[in-house]
Amino acid sequence: MRILPDENIYDKIIDLAKRRGFFWPSYEIYGGQAGFYDIGPYGMVLKRKLIDLWRELFIKGNQDTVVEVETPIIGPSIVYEASGHVENFTDPIVRCNSCGRIFRADHLIEEKLNIDVEGFSLSELNNIIKEKGLRCPVCNGELGEVKTFNLLFKTQIGPYEGNIGYIRPELAQGIFVAFKRIHESLRNKLPLGIAQVGKVGRNEISPRQGMIRLRDFTIMEMEYFFNPDKKDCPNIEKYYNETLNILPYSYKENKKDFITVTVKEAIERNFVINPCMAYWMVIGKLLLLKLGVPETNMYFLEKGPKERAHYSSQTFDHMVKTSRWGWIEVAGYAYRGDYDLSRHKKYSNADIEVFEAYKEPVVMKVRKVLLDKAYAGRNFKSKAPEIMKSVEELDPDYVIREINEKGKININGIDIPKEALIIIEKDEKVSGRKFIPHVIEPSFGTDRLLYVLLEYAYREVDGRIVLSFPRYLSPADAVVLPLIEDDEKLINKAKEVYSYLMSEGFNVLYDDNGSIGKRYARSDEIGVPVAFTIDYQTLEDDTITMRDRDTWKQIRISISDAANALKKFIYNSADLGELGKEVETKG
RNA sequence: GCGGCGGUAGUCUAGCCUGGAUUAGGACGCUGGCCCCCCAAGCCAGAGGUCCCGGGUUCAAAUCCCGGCCGCCGCACCA
């Protein structure tokens, strides 16, 4: 595990990424458009492997509870009204006519005039600004009209004007609206994690920072649904002794640094609102470790009440240190409670609640208050059924207290003497209960991780760039090189080896252009972990050399062992020395 | 969105202030050839440029002016 270089390597990485086809700004030939990036051929392999690694840890590693789905990118407006995005993803902004600065209109009023304007409409905010003569706090210029700026990308579904759709700003809503179906199709089990990978769009006001802040990007997300009454978390025991670097909000206010605690401590000291929060944070940590980020270069930052999204009651940002941007957020872990499902229940009228049967039906002794039927009929005639029902709904304890004190109860202005009341106790069988599950959401920014992956892989050796990706993530498993260009015998042999490795399922490159040193350098720069070289000895005894990208050491092995050696080297992190005898090469 | 700085082959850059004879020059990379038995060697040849875009000034614009786009920095904004 390497430490990040102190030097700012951003420009070098961006340069390399463009040159070698990892990623670059989109729409370049038209001058570009901020906030959009293309992923190139090698970047695409990396990204795919990155996503697969996430799947491995979050889904496959938890296949007893977690499944994956795919839902649409565009949703009808009702979905994002229910989710709160139409309302809360919008900022009222006001522009100074003279200096052009833009302010949050509500914040400005609250600060300057000390008026609580939460929930005020645009025209109300406008009126306040006009009436109170509020001016630009910077240049004292006149303020323009209050406008909304919503970060949702808006579109129209079909040819019907007014049929508004939005591009999803997160994957979550697609999962929430389908929750009931997914949950039923999996025979109502809980806890249930529903994961999704996909593109989202956020119409950022002014995106900068290249791959770090995009208007269109890939998220890897999971909504983990569970019974809020069960305060345990399945399988967490095996991670009890794993450590987490946490900066709780209360510590942050006191300007303290993050602390390192075990998962067990984090739960016991209530740093996390629910043990499952800690569980997914550990899985997230393990993902980052596998990408090559050392634990000292990451921590979990708790967001304060005002910093959190509208749906969240606890959020941790997963921060990773980068050379250019300092600490950046690569993932968020949000406790969304029952906010989303409750909202969709309300807006759709769908029965979204989950029924959970008790292990055995619980027989409870239930006391009930009954009104003597004969008394009711005689005294209340046609109103009797109604009054009897009201009586039955009363709390028995209340009735007993009233009887003891007054000898009667009063209901809807009618006195009922204690002689007419019967209090019975009966057994009632309850086989389960209905509730709305709570949700914990770990959500990763894939493109940010891609950038982080490059930063942590980047190093320079003798003025040459080497991308030391973890071997299993590299854009190719190996490159096959004939030692000398333009020697037909070597080239034919090399192409045989190349086909053979491909047929074994490896992702292999071939290069016969330029001196051997140049080709090693090229493959190092792409981050290919292994180079197999075919030389004149190969033609005699079918052995080839296998070169390690990171040490430049070589061993000689027979071609028939190559696939097996490559497999061990890449997936079992074997040392080169374990796979064969090191050979001296002229340097 | 504001302010500052910048934008010249794949990459980095010279030229811009002081407009014209520079065919927009170089380095690296790329392609081909020669040579090469292991780490960007050498020699030769070649391809590759809307000088970010649009408008203006001028006989003449990569060069000066205006607007736009994009990038970096600062501010602002930010689930």
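Every chain is numbered from 1 and lettered A, B, ... according to where its sequence line falls, protein lines coming before strand lines.
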Next item on the list: Please identify each residue that fulfils ring pair (Phe, Tyr, Trp, His ring centres under 6.0 Å) with A:Phe179, with sequence neighbours left out.
Entry: A:His183, A:Phe225

Next item on the list: State which residues pass salt bridge (charged side-chain N to carboxylate O under 4.0 Å, His left out) with A:Asp447; sequence neighbours excluded, sorted by chain then number.
Entry: A:Lys47

Next item on the list: Return the set of residues passing salt bridge (charged side-chain N to carboxylate O under 4.0 Å, His left out) with A:Glu525 (not counting sequence neighbours), or none when no residue passes.
Entry: A:Arg19, A:Arg20

Next item on the list: Could you let me know what B:rG67 is paired to, Watson-Crick or G-U wobble, both distances under 3.5 Å, or none if it's on its own?
Entry: B:rC53

Whole-angstrom distance between [N] and [M], as gauged at atom [atom1]:
N      : M      : atom1 : result
B:rG25 : B:rU31 : P     : 23 Å
B:rC38 : B:rC16 : C1'   : 47 Å
B:rC69 : B:rG54 : P     : 15 Å
B:rC75 : B:rC17 : P     : 34 Å

Check: B:rG32, B:rC37, B:rC77: which one has an atom nearest the side-chain heavy atoms of A:Ile484?
Finding: B:rC37

Could you list the donor-acceptor pairs under 3.5 angstrom formed by side chains in residues 475-485 of chain A, with sequence neighbours left out?
{"residue": "A:Asp477", "atom": "OD2", "partner": "A:Asn507", "partner atom": "N", "Å": "2.9"}
{"residue": "A:Glu485", "atom": "OE1", "partner": "A:Gly514", "partner atom": "N", "Å": "3.0"}

Notebook entry, point to check: Which pairs, with at least one residue in residues 209-226 of chain A and sequence neighbours excluded, count as a salt bridge (charged side-chain N to carboxylate O under 4.0 Å, His left out)?
Noted result: A:Lys199-A:Asp216, A:Glu204-A:Arg213

Note to self: Would the distance check show the side chain of A:His310 and the main-chain N or O of A:Ser83 forming a donor-acceptor pair, the cut-off being under 3.5 Å?
What the structure shows: yes

Margin query: Any residue in residues 527-535 of chain A with a heavy atom nearer than 4.0 angstrom to RNA chain B? Just list them by number, or reply none.
Written below: A:Thr533, A:Asp535

